[in-house]
Amino acid sequence: LPAGPRARMALTVGNVDRGNLLRKGHEAFVRAAALLPDVSFVLAGNWRDDAIYHLRSIASSNVTFTGWLSEEALRDRYRQAAVYVQASRHEGFGLSVAEAMLAGCVPVVSRVGSLPEVTGATGVFVETPEPASLAAAITTALAYPEEARAAIRQRILVEFPLAKRGQLMEQLIQPLLNAA
């Protein structure tokens with residue numbers, strides 16, 4: 001974990017496309033920025049279609065769209081951000097949330113898919129991924145004490161270690177191989 005206080009930054013990661021405006025909550029994330037002008041909002045992700053033009057047209061001056069980032073640059077953003085937002089309406093495992101938590105970001109997530117399983121009690125939940133709800137949850141997450149970041153990181157290290165994921169994958173694949 002990086003030492004010292006974090007930037008007042010809310011980060012979200014995902015491909016920027018028309019489908020993700022609602023599904024990943026990108027539009028709500030960008031609109032929430034206008035409600036928190038003293039917080040930097042960063043949307044990192046590959047621009048896949050013209051959705052970036054729509055997001056730019058509704059963005060306040062505290063929103064940055066990075067486009068695609070290298071692994072190293074993305075890890076740097078995770079280490080800088082105080083909060084990671086995944087305002088999805090549908091979500092699988094939530095790998096970006098886990099990566100952000102490993103870097104010590106306080107997760108702000110919706111209660112869909114496996115996001116509650118990934119974050120456990122360390123996250124701030126939004127019942128509806130609407131701009132006002134996101135802004136309130138981000139404000140709550142920004143108030144988390146620095147020492148909470150170690151517990152957030154520890155959750156991922158304990159619950160989802162790489163060795164455990166390998167064992168679970170093997171348990172799923174081995175019966176398929178035996179049946180062949």
Side-chain angles (χ1 to χ4, degrees), residues 1-2 4-16 19-45 51 54-56 58-66 74-156 159-160:
L1 290 176
R6 299 292 183 103
R8 287 182 57 80
M9 178 195 303
L11 171 67
T12 194
V13 175
N15 287 323
V16 177
N20 282 345
L21 292 176
L22 185 62
R23 184 176 57 242
K24 295 283 189 181
H26 289 169
E27 184 169 339
F29 177 80
V30 169
R31 290 187 186 277
L35 302 173
L36 298 172
D38 64 326
V39 177
S40 296
F41 281 65
V42 176
L43 195 165
H54 171 68
L55 291 174
R56 284 181 175 156
I58 63 169
S60 52
S61 61
N62 58 329
V63 179
T64 301
F65 303 100
T66 68
L74 182 57
R75 281 193 299 269
D76 285 343
R77 292 291 177 142
Y78 285 136
R79 289 183 196 113
Q80 294 166 3
V83 176
Y84 181 81
V85 178
Q86 192 75 43
S88 299
R89 294 185 186 265
H90 169 68
E91 190 65 51
F93 175 72
L95 183 58
S96 294
V97 176
E99 289 174 343
M101 290 172 67
L102 277 172
C105 294
V106 177
V108 170
V109 299
S110 46
R111 291 187 189 272
V112 299
S114 66
L115 293 176
E117 177 186 355
V118 174
T119 62
T122 67
V124 179
F125 293 100
V126 291
E127 297 307 321
T128 62
E130 302 301 327
S133 296
L134 285 178
I138 290 167
T139 299
T140 299
L142 285 168
Y144 269 46
E146 281 301 312
E147 54 272 10
R149 297 185 188 290
I152 290 167
R153 176 181 167 79
Q154 191 63 24
R155 169 152 181 87
I156 299 302
E159 296 297 324
F160 304 103

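Quick note: numbers below take in every heavy atom, side chains included, and nothing from hydrogens, waters or symmetry partners.
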- Message: I'd like to check Ile156 versus Val118 (side-chain heavy atoms, cut-off strictly below 4.5 Å). Are they in contact?
- Response: yes
- Decide yes or no on side chain to side chain contact (heavy atoms under 4.5 Å, CB included) for Leu115 and Phe125, but give the supporting numbers first. CA-CA 9 Å; Leu115 293 176; Phe125 293 100; 5.7 Å; no
- If every non-hydrogen atom of Ser110 is compared with every non-hydrogen atom of Ala87, which pair is closest and at what distance? OG-C, 3.7 Å
- Test item: Ser133 and Glu127 side chains (from C-beta on) under 4.5 Å apart, heavy atoms: no
- Begin from the C-alpha positions of Glu130 and Arg89 and carry the test salt bridge (charged side-chain N to carboxylate O under 4.0 Å, His left out) through to its verdict. CA-CA 11 Å; Glu130 302 301 327; Arg89 294 185 186 265; 3.0 Å; yes
- Do Glu27 and His54 come close enough that some side-chain heavy atom pair is under 4.5 Å? yes
- Shortest non-hydrogen contact between Ala32 and Pro131, atoms and distance: CB-O, 3.5 Å
- How long is the span from the NE2 atom in His26 to the CG atom in Asn15, to the nearest 0.5 Å? 8.0 Å
- Message: Return the CG to CD1 distance between Leu21 and Ile58, rounded to the nearest 0.5 Å.
- Response: 7.5 Å
- Message: Testing the basics here: between Ala82 and Leu142, what is the closest heavy-atom pair and its distance to 0.1 Å?
- Response: CB-CD2, 3.7 Å
- The reported gap from CG in Leu134 to CG in Leu35 (rounded to nearest 0.5 angstrom) is 9.5 Å
- Query: CG/Leu74 to CZ/Arg79 distance, rounded to the nearest 0.5 angstrom?
  - Reply: 9.5 Å
- Query: Which heavy atom of Arg155 sits nearest a heavy atom of Gly120, and at what distance?
  - Reply: NE-N, 3.3 Å
- Distance in Å, Arg75 CZ paired with Glu99 CD, rounded so as to fall on 0.5 Å steps: 9.0 Å
- Query: Within a strict 4.5 Å, meaning less than it, do heavy atoms of the Arg8 and Val39 side chains meet?
  - Reply: yes
- If we only count heavy atoms from C-beta on, is the Val85 to Phe41 side-chain gap below 4.5 Å? no
- Flag side-chain contact, heavy atom, 4.5 Å: Val108 against Tyr84: no
- Task: Return the minimal non-hydrogen interatomic distance between Ala151 and Thr122, and the atom names on each side.
- Result: O-CG2, 4.3 Å
- Between Glu91 and Lys24, is there a side-chain N and carboxylate O pair less than 4.0 Å apart? yes
- Might you work through the side chain to side chain contact (heavy atoms under 4.5 Å, CB included) test for Phe65 and Val16, ending with a clear yes or no? CA-CA 9 Å; Phe65 303 100; Val16 177; 5.6 Å; no
- Note on the structure: When rounded to the nearest 0.5 Å, the distance separating SG of Cys105 from CE of Met9 is 9.0 Å
- Query: Taking the side chain as C-beta and beyond, is there a heavy-atom pair between Tyr144 and Val83 under 4.5 Å?
  - Reply: no
- pair Pro129-Phe29: side-chain heavy atoms closer than 4.5 Å: no
- If you take all heavy atoms of Ser114 and Gly94, which pair is closest and at what distance? OG-N, 4.3 Å
